[in-house]
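Since the structure comes first, as structure tokens, the remarks are kept for the end.
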Amino acid sequence: MISEKPRVRFAPSPTGYLHVGGLRTALYNYLFAKKNNGTFVLRIEDTDRNRFVEGAIENLIESLKWCGLNFDEGPGTENKFGPYLQSERLQIYKKYAIELIEKKYAYYCFCSTERLEKLKEEQQKLKLPQAKYDKHCLNLSADEINANLENNLPHVIRLNVPLNQKVNFKDIVRGDVEFDTSNIDDQVLIKSDGFPTYHMANVVDDHLMQITHVIRGEEWLSSTPKHILLYDFLGWEKPIFAHLPLLLNSDRSKLSKRQGDVAVEDYRKKGYLKGALINFVALLGWNAGDDVEIYNIESLIEKFSLERVNKAGAVFDMDKLNWLNAEHLRMKSDSELLQLLRDEILKSEFNTLTLPDEYLIAIIRVMKERVSFIREFIDKCTYFYKVPVVYEEASVQKNWKEETPAYMNKLAEKFAGLVNPQKEDFETALTEVATELNIGKGKLIHPLRLAVSGVSTGAGMFDLLFILGKEEVLKRINSAILNIKQTT
RNA sequence: GGCGCGUUCGUCUAGUGGCUUAGGACGCCGCCCUCUCAAGGCGGAGAUCACGGGUUCGAAUCCCGUACGCGCUACCA
């Protein structure tokens with residue numbers, strides 16, 4: 001446990017949807033906060049006007065909420081640390097940028113993109129280890145700067161990175177990391193449109209919002225020294241860093257849209273349960289050190305620790321997600337499943353049917369062990385929703401023999417005599433018929449299943465009969481006798 | 001190219017110097033259960049712990065090097 005209450009943030013840029021990698025980052029932040037009685041902040045890093053996407057923020061928050069990762073502070077919550085949209089904090093960044101300029105830790109740069117490009121080209125031609133800004137504008141006189149500013153010359157503000165210094169920090173996941181400032185460019189802090197870059201905004205906000213732990217993706221590890229410099233120049237206390245391993249495609253490249261679904265909403269639409277998605281994503285890069293694989297959010301909060309986060313990237317394995325989905329589905333109560341199934345029916349071809357709760361719950365009970373997705377309570381047993389019109393060819397060949405119609409007639413007769421039959425009554429009746437005909441029960445069960453369901457797989461035979469009810473069963477048997485054509 | 005990070009079964013991982021003939025999970029295969037399909041139970045195949053050197057009585061575990069992968073190298077985040 002952390003003694004002081006930690007404050008962590010999930011700081012996505014609103015590019016249109018919540019990426020599963022982002023979900024994992026958000027989740028670890030959330031778990032860490034909840035575990036340590038801390039605060040989970042959502043901050044929107046919308047400082048790139050070129051990448052503005054209409055509705056992206058709403059969509060992001062919607063996905064987060066669906067997953068159950070509710071933030072304590074963020075857009076819409078009134079708090080002394082707001083606003084939480086960086087685009088609404090421009091003056092704040094400007095203020096600190098000016099402070100840095102006054103301390104000579106930053107400077108105005110009036111270089112044109114043309115000059116910058118030319119500089120880069122020349123440096124590449126010289127095969128320099130890397131292209132860096134040449135600090136040209138650092139040498140401008142005060143008069144020149146003022147004149148340029150007065151003439152409204154386009155400009156940026158750059159970080160004045162010192163040469164030949166070591167910057168090191170301790171990362172919770174990676175241990176000690178060290179960089180040489182000679183490899184760090186004079187990063188733009190404030191762009192010519194007045195917006196800050198990520199580096200400036202994230203440091204200023206993390207400080208002002210009193211963030212204690214910066215938990216983010218590994219792609220930020222390389223720019224952390226710039227942030228360290230900024231904290232030092234501004235005289236601020238640094239947060240603790242934890243850089244998370246990346247999520248990967250099956251070919252070990254960074255998880256991308258090209259190779260499958262990456263948005264949380266995609267998985268939601270495909271029918272994954274939020275509990276399963278969370279469980280799965282939590283285990284991608286973290287484990288408690290034991291053999292437990294199934295978690296709900298509470299148990300994750302209880303067990304989570306940043307120290308047990310792995311260093312290496314993890315491949316997103318759909319097979320395991322599917323298995324987890326089935327496990328989570330089975331953990332749900334009948335009434336929870338009923339609600340989910342009703343939602344699913346509304347979206348299906350059976351949305352006009354009036355189905356009583358007891359009927360659907362009966363289906364849920366017999367199909368629960370046979371499905372991985374809610375939609376399969378429909379797709380894997382459509383015979384509960386409609387009369388079979390086609391009969392599975394392979395099963396017809398295997399089970400529908402010359403004598404079968406006679407057997408089925410006999411069964412139908414026996415069933416017809418039953419009064420308000422329960423599951424066991426159907427079973428007894430079938431056993432009697434088998435005995436009378438002097439055949440094995442299988443000789444009746446298989447063709448009966450085909451006649452009643454049209455397929456060869458599914459719920460137990462007598463469950464099936466009971467759920468459908470005597471009248472429906474009789475109808476289907478008779479219809480099958482008329483419609484199934486023997487193939488032999 | 002430079003800088004940084006990483007590397008245990010196909011995949012997610014356990015492992016922090018002797019308990020390890022490297023354990024679990026998903027997937028795969030087989031058997032059992034059984035009216036089918038599942039679920040469940042049992043079992044199997046699957047990792048020379050990237051490679052090469054050290055340190056040590058002893059290394060997947062510590063050190064060095066190499067290879068490979070990934071990330072960053074923007075007035076994108």
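Throughout, a chain's letter reflects where its sequence line sits, starting with A, and its residues are numbered from 1.
In a base pair of the Watson-Crick type (N1 to N3 plus N6-O4 or O6-N4) or a G-U wobble (N1-O2 and O6-N3), with each distance short of 3.5 Å, B:A39 is matched with no nucleotide. B:C9 is unpaired under the criterion used here, namely a Watson-Crick or G-U wobble arrangement in which both key atom distances are under 3.5 Å. Shown here, B:C33 forms no base pair; nothing in the strands shown gives a Watson-Crick or G-U wobble contact with both key distances under 3.5 Å. In this structure, B:G1 forms a base pair with B:U73, meeting either the Watson-Crick or the G-U wobble geometry with both donor-acceptor distances under 3.5 Å. Figure legend. B:A50 is base-paired to B:U66; pairs are counted as Watson-Crick or G-U wobble with both atom distances under 3.5 Å. Across all strands shown, B:U56 remains unpaired; no Watson-Crick or G-U wobble contact has both distances below 3.5 Å. Across all strands shown, B:U61 remains unpaired; no Watson-Crick or G-U wobble contact has both distances below 3.5 Å. Taking a pair to require two hydrogen-bonding distances under 3.5 Å in either a Watson-Crick or a G-U wobble arrangement, B:U16 remains unpaired.
B:C28 sits 35 Å from B:C68 when the P atoms are compared, rounded to a whole Å. If you take atom C1' in B:A14 and the same atom in B:A25, they sit 11 Å apart, rounded to whole Å. Comparing B:A22 with B:U13, their C1' atoms sit 13 Å apart, to the nearest whole Å. The P atoms of B:U61 and B:G17 are separated by 11 Å, rounded to the nearest whole Å. A gap of 33 Å separates the C1' atoms of B:U11 and B:G58, to the nearest Å. Nucleotides B:C62 and B:U56 have their C1' atoms positioned 10 Å apart, rounded to a whole Å. Atom P of B:G23 sits at a distance of 14 Å from the matching atom of B:U16, rounded to the whole Å. Nucleotides B:U66 and B:C12 place their P atoms 27 Å apart, quoted to the nearest Å.
Taking atom CG on A:D186 and atom C1' on B:U73, their separation rounds to 14 Å, with Å as the unit. Atom CG in A:N310 sits roughly 14 Å away from atom P in B:U16 (whole-Å rounding). Put simply, CD on A:Q86 is 13 Å from P on B:C76, counting in whole angstrom units. What separates CG of A:L248 from C1' of B:U7 is a distance of 12 Å, to the nearest Å. Taking atom CZ on A:F316 and atom C1' on B:C26, their separation rounds to 14 Å, with Å as the unit. When rounded to the nearest whole Å, the span between CG of A:D180 and P of B:C5 equals 13 Å. Rounded to a whole Å, the CG atom of A:D291 is 7 Å from the C1' atom of B:A14. Protein atom CD of A:E369 is 16 Å distant from nucleotide atom C1' of B:U36, rounded to whole Å.
As judged by a 4.0 angstrom heavy-atom cut-off over every strand, A:V455 is placed among residues making no nucleic acid contact. Residue-level contact check: A:G460 touches the bases, meaning some heavy atom is under 4.0 Å from a base atom.
Judged by distance alone, the side chains of A:D48 and A:Y198 never bring a donor and an acceptor atom under 3.5 Å apart. For the residue pair A:Y93/A:D205, the side-chain donor-acceptor check at 3.5 Å is satisfied.
Cation-pi check for A:R375 over A:F377 is not met; the charged atom does not lie both under 6.0 angstrom from the ring centroid and within 45 degrees of its normal. Cation-pi contact between A:R49 and A:F52: absent, since separation from the ring centre below 6.0 Å together with deviation from the ring axis within 45° is not met. Geometrically, A:R158 engages A:Y133 in a cation-pi contact, judged by NZ or CZ lying under 6.0 Å from the ring centre and within 45° of the ring axis.
Contact of A:R449 with B:C35 (side chain to base): a donor-acceptor pair of N or O atoms is detected under 3.5 Å. Donor-acceptor pairing under 3.5 Å, judged by distance alone, is present between the side chain of A:R370 and the base of B:C37.
The listed nucleotides are B:C75, B:G27, B:A77; the one nearest the side chain of A:R51 is B:A77. Ranking B:G71, B:C35, B:C3 by closeness to the A:L246 side chain, first place goes to B:G71. Considering only side-chain atoms of A:H446, the nucleotide from B:C35, B:A77, B:C26 that sits closest is B:C35. Listed nucleotides: B:C5, B:U13, B:G27. Nearest to the side chain of A:A314: B:U13. Side-chain atoms of A:K254 lie closest to B:C72 of the nucleotides B:C37, B:C72, B:C3.
Between A:K120 and B:A74, a side-chain N or O to OP1/OP2 separation shorter than 4.0 Å is present. For B:C26, neither phosphate oxygen OP1 nor OP2 lies less than 4.0 angstrom from any side-chain nitrogen or oxygen of A:N322. Between A:K125 and B:G1 there is no side-chain N or O to OP1 or OP2 distance below 4.0 Å. Regarding contacts with the backbone of B:A14, a side-chain N or O of A:N287 is found under 4.0 angstrom from either OP1 or OP2. Distances shown here put a side-chain N or O of A:K191 below 4.0 Å from the OP1 or OP2 atom of B:C76. Close to B:C76, at under 4.0 Å from its OP1 or OP2, lies no side-chain N or O of A:T197.
The side-chain contact (heavy atoms from CB on, under 4.5 Å) with A:L69 is formed by just one residue from the set A:N29, A:L31, A:L23, A:L18; it is A:L23. For the pairing with A:P12, the side-chain contact (heavy atoms from CB on, under 4.5 Å) check across A:T25, A:I57, A:L42 returns one residue only, A:L42.
Residues A:L208 and A:R89 approach most closely at CD2-NH2, 3.8 Å, considering heavy atoms.
Of the residues near RNA chain B, A:D317 and A:A131, the one whose nearest nucleotide (by heavy atom distance) lies more toward the 5' end is A:D317. Place A:Q187 and A:D176 on RNA chain B by their nearest nucleotides, and A:D176 ends up nearer the 5' end.
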